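Comments concern the structure below.
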There are 2 protein chains.
Amino acid sequence: MKVEEALQILKEHGYKYTGKREEMIRICAEEKRYLSAKDIMERIKELYPTLSFDTVYRNISTFVQLGILEETELDGEGKFRLACSADGHHHHHVICTECGKTSSLPGCPMNVMASVPEDFQVTGHKFEVYGMCKECVSHAN
Amino acid sequence: MKVEEALQILKEHGYKYTGKREEMIRICAEEKRYLSAKDIMERIKELYPTLSFDTVYRNISTFVQLGILEETELDGEGKFRLACSADGHHHHHVICTECGKTSSLPGCPMNVMASVPEDFQVTGHKFEVYGMCKECVSHAN
DNA sequence: CCTTTAAATCGGATTTGTTCTGATTTGTCA
DNA sequence: TGACAAATCAGAACAAATCCGATTTAAAGG
């Protein structure tokens with residue numbers, strides 16, 4: 001997803017444009033990596049030094065609801081990245097547990113794996129592979 | 001996994017036997033369901049009304065380390081259930097997001113899905129299907 | 001432009017889940 | 001039984017996230 005698309009989605013849903021929102025999205029768009037709310041806060045302070053963490057959290061959760069950000073949970077805190085499923089088709093990620101960097105996996109287990117018991121009404125699924133990226137492996141020495 | 005097996009594992013690793021530990025494991029063994037630390041606390045208070053939450057958390061994390069409990073994260077809090085992978089072979093679950101009840105899925109996407117990029121050193125993976133179980137669907141009306 | 005209004009933000013207090021700490025109790029083994 | 005290490009207690013401390021009332025601001029209409 002591009003920054004412009006994200007802003008378009010906000011507009012379509014009647015949310016107002018603010019520089020802070022754009023900057024948050026821009027920060028997430030810079031990297032194929034999961035960022036924590038704190039990460040985003042730190043980076044946005046360069047441009048908006050007084051921004052309150054309430055704003056960051058509130059906007060993040062708006063973005064997640066609108067499908068602009070994807071969310072996961074690592075080390076007991078929420079991590080976020082610009083949604084990419086929207087771009088092409090639905091897929092999943094390998095995630096570096098050190099730095100949050102991601103790499104796409106083709107396909108989805110839901111298509112491949114046959115039987116989901118019919119006494120459950122399925123609402124979603126999660127498939128994530130965890131590991132360490134090249135860079136973090138070498139840093140760890 | 002059975003309660004006795006779990007106690008055996010504790011013993012093998014040099015952990016002491018305590019009634020509180022046994023009761024915690026027993027509580028988890030009662031249901032094929034993910035329980036929160038709070039759930040476990042409430043239930044264990046019947047037998048040990050003064051038990052501190054520190055003990056519960058500490059024991060839970062010991063159990064997870066030893067592979068006695070499986071952990072996941074739902075609604076921003078840790079949930080736990082008696083490990084069953086140990087029994088047969090490795091597999092995954094459908095989880096009811098309302099009550100935590102689980103049902104097994106045969107197989108593992110890691111076997112089925114071919115390519116994990118070789119610039120990641122894989123350390124683990126997670127595959128969970130979410131939904132509502134029959135009971136919770138009907139209660140929701 | 002100016003006004004109006006609802007949405008967004010601020011700053012800090014609050015809540016919630018979890019971990020830490022130091023003192024005390026309790027298994028276990030010699 | 002005694003001694004020691006491990007387990008537990010009680011509550012303080014912590015960190016992530018949410019809530020709240022007051023203030024500011026985007027944007028739509030006159």
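Predicted model only: the values in this text are computed from it and were never measured. We name chains A, B, ... by the order of the sequence lines, and we start the count at 1 in each one.
With respect to the salt-bridge test (charged N to carboxylate O, under 4.0 angstrom), the residues B/Lys79 and B/Glu77 qualify.
When the shell of 6.0 Å around NZ of B/Lys134 is examined, it contains 12 or fewer heavy atoms from other residues, nucleotides or ligands.
OP1 and OP2 of C/dA8 both lie 4.0 Å or more from every side-chain N or O belonging to A/Arg58.
For the residue pair A/Leu74 and A/Cys96, the shortest heavy atom distance occurs at CD2-O, 4.3 Å. B/Cys28 approaches B/Leu35 most closely through the heavy-atom pair CA-CD1, 4.4 Å.
Heavy-atom distances under 4.0 Å link DNA chain C to no residue of residues 38-48 of chain A. In the region residues 21-35 of chain A, proximity to DNA chain C at under 4.0 angstrom, judged on heavy atoms, holds for A/Arg21.
Atom CD in A/Glu73 sits roughly 12 Å away from atom C1' in C/dG17 (whole-Å rounding). Rounded to whole Å, atom P of C/dA8 lies 13 Å from atom NE2 of A/His13. Atom-to-atom, OH of B/Tyr57 to P of C/dT16 comes out at 12 Å; the value is rounded to the nearest Å. One atom, CD1 of A/Ile60, and another, P of C/dA8, lie 16 Å apart when rounded to the nearest Å.
A donor atom on one side chain and an acceptor atom on the other are found under 3.5 Å apart for A/Glu22 and A/Tyr17. Side-chain atoms of A/His125 and A/His92 form a donor-acceptor pair, as typed in the model, at a separation below 3.5 Å.
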Between the protein and nucleotides 20-24 of chain C, which nitrogen or oxygen pairs come in under 3.5 angstrom?
from, atom 1, to, atom 2, distance (Å)
C/dC20, N4, B/Asp54, OD1, 2.4

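Bracketed by its first and final contacts, the part of DNA chain D lying under 4.0 Å from non-hydrogen atoms of chain B reaches from D/dA5 to D/dA12 in 5' to 3' order.
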With B for base contact, S for sugar-phosphate-only contact and - for none (protein heavy atoms under 4.0 Å), nucleotides 25-30 of chain C reads --BS--

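The salt bridge (charged side-chain N to carboxylate O under 4.0 Å, His left out) test with B/Glu31 singles out one residue from B/Arg81, B/Arg43, B/Lys101, and that residue is B/Arg43.
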Name every donor-acceptor pair, under 3.5 Å, that has one atom in a side chain of residues 60-68 of chain A and the other anywhere in the protein, sequence neighbours excluded.
from, atom 1, to, atom 2, distance (Å)
A/Ser61, OG, A/Arg58, O, 3.3
A/Thr62, OG1, A/Arg58, O, 3.1

Please determine whether side chain to side chain contact (heavy atoms under 4.5 Å, CB included) holds for the pair A/Phe80 and A/Asp39, giving the CA-CA distance in whole Å, both sets of side-chain angles, and the decisive distance to 0.1 Å. CA-CA 10 Å; A/Phe80 310 90; A/Asp39 291 334; over 6 Å; no

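Classified by interplanar angle (parallel below 30°, tilted 30° to 60°, perpendicular above 60°), the ring pair B/Tyr57/B/Phe53 is perpendicular.
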